[in-house]
Student: 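Attaching a single structure in structure tokens format; questions to follow.
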Amino acid sequence: MGLVIFNTLTREKQPFVPVQPGKVGIYLCGPTVYKPSHVGHAVGPIIFDAVKRYLVHCGFEVRWVVNITDVDDKLIVEAEKQNTTTIELAERITKDYLDAMKILRVDTIDIMPKASEHIGDIIDFIKRLEVRDIAYESGGDVYFDVTKDADYGKLSNRRIEDQAGQRDLQSAEKRNPADFALWKAAKPEEPEDVKFDSPWGKGRPGWHIECSAMAMRYLGETFDIHGGGVDLVFPHHENEIAQSESATDKPFAKFWMHNGLTKVNTKKISKSDADPEMQAVLQQMTLHNLLDEYPGELIRFFILSTQYRSPIEYSQAEIASKRKGLDTFYRLFERVARLCGVSPYEKATELGEPGDDPGAGVASDVLAKSCVEQTALFKKAMDDDFNTAGAIAALFDFAGIINRVIEQEKIESGGNVAVRRAPDAAKADVLTATARLISVARLIGVFLDPPDLQAADRDGLIDKAMNVLIQVRQHVRKNKDFTTADLIRDLLKEQGITLEDRADGTGWRKD
RNA sequence: GGCGGCGUACCCAAGUGGACUAAGGGGGCGGAUUGCAAAUCCGUUAUCGCGGGUUCGAAUCCCGCCGCCGCCUCCA
């Protein structure tokens with residue numbers, strides 16, 4: 001069974017076959033950097049980061065491009081509003097975006113081209129269309145003539161006639177209302193920063209052309225996967241296809257992948273929604289604010305818990321629910337580290353990616369079998385249109401199996417005589433299996449690093465104080481003074497610290 | 001009005017013709033464990049929006065209806 005991908009172009013799942021054997025080119029539409037990004041903008045990057053990691057694991061050489069749109073009407077407006085330059089605004093918002101990507105562990109992007117740095121490519125591209133008489137100039141603007149493109153509308157399944165009159169751009173100079181701008185003439189009052197020289201006079205590129213130009217520059221005239229939110233299908237991607245294929249006579253992207261939109265209170269989140277209520281939501285939901293409140297891995301896990309084509313309903317309650325699920329894994333990892341004296345994260349790094357036999361090095365039959373089966377289930381889900389939700393389910397099952405073995409073999413309390421296995425051998429198996437789980441999760445960029453729990457106040461002092469407290473409590477428990485023991489536990493609980501009395505001692509954690 | 005999508009348990013969410021007498025997570029309930037908890041484990045909690053139809057067989061295909069959402073203007 002091979003990898004299949006749902007292609008918006010054909011509206012069905014198709015076996016993935018790259019344009020060039022062994023190589024994959026991916027282009028994802030990135031942000032327009034005029035306002036801080038929100039959760040929804042993280043969906044594409046996170047999904048595609050997982051996609052890239054998985055494809056690399058599958059043996060492909062992948063080049064992934066995400067653009068930054070830093071030339072746009074909205075930047076001009078927003079910069080003026082903030083009394084700054086478009087350049088300063090773009091740099092500030094871009095930095096904010098990149099910081100968020102880093103925290104979300106979206107670190108497999110190869111190239112992030114900026115529109116402002118590819119004006120030459122864009123102009124050349126428009127000239128190509130002009131030479132072919134597909135683009136025409138009109139008062140300093142250059143438009144794409146949709147009537148020259150026989151299959152215009154194939155991506156979004158629209159016909160030009162249906163669009164007639166709908167596009168309200170007021171450009172009387174257009175031949176057809178559905179024609180779209182490739183180049184926009186500069187207006188006198190606009191800042192000099194956004195006035196670029198061109199054969200048609202000063203101006204700036206239209207919205208769609210930059211993606212075509214940059215995608216071709218870095219991925220060639222035909223490449224494998226083009227992605228973005230479903231809201232980009234029309235007009236953006238439709239127009240990209242139109243201009244690109246009209247210029248080259250070759251297919252542009254082979255697969256079009258569109259992720260579902262993020263919603264709050266059943267409504268799509270949108271940067272450009274003027275509704276005051278939405279603006280308030282946006283303010284709260286910026287990636288920046290969100291990542292101040294929650295760990296990046298939690299947001300990533302939250303997003304990957306849904307198949308990418310489904311919409312995601314964002315709410316604090318949902319995040320909380322996902323956090324508990326994530327904690328199950330973290331607790332297992334801590335438990336194993338405690339029992340084995342080795343971090344399963346490190347062991348996972350040592351183990352490397354799962355190969356032909358994911359159960360290698362595990363003596364226990366149940367565990368070896370689970371390593372093989374859960375890895376297979378994980379991959380099966382991923383092979384089916386990158387079903388990260390299904391893949392994560394396999395991880396949960398895997399964790400449950402390992403916990404069960406720990407229970408059954410009584411590893412925590414020194415070994416089960418009935419099982420007649422040396423405790424050390426059992427521990428080694430548990431460690432390896434857990435490491436395997438981590439190494440599999442890493443295929444989608446999860447469990448890359450240990451969570452830095454309480455990083456801020458872990459200077460050792462709190463540990464020491466907690467140990468004293470725990471010893472005192474241990475003492476009174478030995479004397480059956482449970483009232484005092486429970487008082488200590490309850491008071492700590494009120495402070496957000498939970499005690500766990502285990503067979504091998506008492507542990508504590510911050511809630 | 002045109003185009004597209006969705007509706008699976010209390011909530012989130014996989015599955016899209018037969019191994020589904022429907023994954024997984026959260027929550028609830030019962031049990032094991034525990035001095036009691038916590039954690040962990042075990043069990044339990046749905047016939048798939050509604051009504052027809054196709055089929056030996058449908059959550060999965062077709063028709064109709066209801067509800068929700070997206071795009072058609074900028075949007076990840």
Side-chain angles (χ1 to χ4, degrees), chain A residues 8 11 13 28-32 34-35 37-45 47-48 66 69 72-74 77 153 156-159 161-163 166-169 178 207 227-236 238 258-263 266-274 301-302 305-307 309-313 315 317-328 331-332 334-335 377 381 384 387-397 399-408 412-413 477 480-483 485-486 489-490 493 498-503 506-509:
Chain A
T8 307
R11 275 153 236 128
K13 287 181 188 174
L28 175 70
C29 285
T32 300
Y34 74 105
K35 263 187 193 178
S37 295
H38 55 69
V39 229
H41 296 108
V43 176
I47 295 299
F48 278 91
V66 179
T69 298
D72 183 270
D73 294 13
K74 288 204 285 284
V77 173
S156 58
N157 197 23
R158 273 157 226 254
R159 292 181 312 178
E161 310 84 80
D162 295 340
Q163 301 308 308
Q166 296 288 352
R167 205 167 298 207
D168 173 34
L169 284 181
W207 174 35
V230 270
D231 53 350
L232 295 184
V233 173
F234 189 91
H236 189 230
E238 192 68 75
H258 293 281
N259 61 269
L261 304 176
T262 306
K263 302 184 296 180
T266 75
K267 269 195 69 186
K268 165 193 167 186
I269 317 179
S270 171
K271 267 203 290 199
S272 52
D273 194 322
F301 187 78
F302 167 69
S305 293
T306 302
Q307 208 277 347
R309 281 190 287 131
S310 302
I312 301 175
E313 175 71 39
S315 73
E318 256 329 289
I319 294 278
S321 151
K322 291 295 181 282
R323 154 169 258 148
K324 293 202 171 176
L326 243 197
D327 278 344
T328 303
R331 285 209 194 88
L332 171 66
E334 271 176 26
R335 193 181 194 189
L377 285 171
D384 183 10
N387 184 358
T388 51
I392 287 174
L395 259 24
F396 271 109
D397 278 338
I401 292 163
I402 296 170
N403 268 134
R404 193 181 316 146
V405 169
I406 294 174
E407 294 292 309
Q408 283 175 350
E412 217 148 42
S413 53
R477 282 178 79 204
K480 305 260 185 233
D481 179 5
F482 296 120
T483 317
D486 291 350
R489 191 172 60 196
D490 292 346
K493 186 75 191 171
T498 303
L499 290 187
E500 292 182 15
D501 295 323
R502 301 180 303 259
T506 297
W508 66 276
R509 66 163 193 277

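Within every chain, numbering begins at 1; the chains are lettered A, B, ... in the order of the sequence lines, protein sequences first and strands thereafter. No hydrogens, no waters, no symmetry mates; every other heavy atom, side chains included, goes into these values.
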Student: So what does A/Lys324 touch, heavy atoms closer than 4.0 Å: a base, only the sugar-phosphate, or nothing?
Tutor: sugar-phosphate
Student: With respect to the phosphate group of B/G70, does any side-chain polar atom (N or O) of A/Lys267 fall under 4.0 Å of OP1 or OP2?
Tutor: no
Student: Considering residues at least two apart in sequence or located in another chain, which fulfil the salt bridge (Lys or Arg N to Asp or Glu O under 4.0 Å) criterion with A/Asp72?
Tutor: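 Salt bridge (Lys or Arg N to Asp or Glu O under 4.0 Å) check on A/Asp72 returns nothing, list empty.
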Student: Go through the structure and list residues passing salt bridge (Lys or Arg N to Asp or Glu O under 4.0 Å) with A/Asp73, not counting sequence neighbours.
Tutor: A/Lys184, A/Arg204
Student: List the protein contact pattern of nucleotides 16-24 of chain B with one symbol per nucleotide (5' to 3'): B for base contact, S for sugar-phosphate-only contact, - for none; contact means a heavy-atom distance under 4.0 Å.
Tutor: -------BS
Student: Under the side-chain hydrogen bond (donor to acceptor under 3.5 Å, both in side chains) test, which residues partner A/Ser270, sequence neighbours left out?
Tutor: A/Ser272
Student: From B/A14, B/A76, B/C11, pick the nucleotide closest to the side chain of A/Gln307?
Tutor: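 Of the candidates, B/A14 comes closest.
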Student: Can you list the residues that meet the salt bridge (Lys or Arg N to Asp or Glu O under 4.0 Å) rule with A/Asp397, with sequence neighbours excluded?
Tutor: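 Partners of A/Asp397 by the salt bridge (Lys or Arg N to Asp or Glu O under 4.0 Å) criterion come out as none, since no residue qualifies.
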Student: Taking atom types as modelled and ignoring hydrogens, do the side chains of A/Thr498 and A/Lys493 form a donor-acceptor contact shorter than 3.5 angstrom?
Tutor: yes
Student: Mind checking side-chain hydrogen bond (donor to acceptor under 3.5 Å, both in side chains) for A/Lys324 and listing every partner two or more places apart, or none if nothing turns up?
Tutor: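 By the side-chain hydrogen bond (donor to acceptor under 3.5 Å, both in side chains) rule, A/Lys324 matches no residue at all.
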Student: For A/His38, report the nucleic acid contact type (base, sugar-phosphate, nothing); a contact means any heavy atom under 4.0 Å.
Tutor: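 Answer is base: heavy atoms of A/His38 come under 4.0 Å of a base.
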Student: Please list, chain by chain and in numerical order, all residues satisfying ring pair (Phe, Tyr, Trp, His ring centres under 6.0 Å) with A/His236, sequence neighbours excluded.
Tutor: A/Trp207, A/His208
Student: Among all residues two or more places apart in sequence or in another chain, which pass the side-chain hydrogen bond (donor to acceptor under 3.5 Å, both in side chains) test with A/Glu500?
Tutor: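 Partners of A/Glu500 by the side-chain hydrogen bond (donor to acceptor under 3.5 Å, both in side chains) criterion, ordered by chain and then number, come out as A/Arg509.
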Student: Is RNA chain B part of any stem, that is, at least 3 consecutive Watson-Crick or G-U pairs with both distances under 3.5 Å, and where?
Tutor: B:1-7 with B:66-72, B:10-12 with B:24-26, B:27-32 with B:40-45, B:49-53 with B:61-65
Student: Please name all residues satisfying salt bridge (Lys or Arg N to Asp or Glu O under 4.0 Å) with A/Lys35, sequence neighbours left out, ordered by chain then number.
Tutor: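 Partners of A/Lys35 under the salt bridge (Lys or Arg N to Asp or Glu O under 4.0 Å) test: none.
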Student: Rounded to whole angstrom, note down the P distance from B/C10 over to B/U45.
Tutor: 13 Å
Student: What contact category does A/Gly228 fall into here, base, sugar-phosphate, or nothing, at under 4.0 angstrom with non-hydrogen atoms?
Tutor: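 Here A/Gly228 touches the backbone only, sparing every base.
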Student: Which residues satisfy the side-chain hydrogen bond (donor to acceptor under 3.5 Å, both in side chains) test with A/Arg331, sequence neighbours excluded?
Tutor: none
Student: What string of B, S and - do you get for nucleotides 35-47 of chain B, 5' to 3', when a contact is any protein heavy atom under 4.0 Å?
Tutor: BBBBSBSS-----
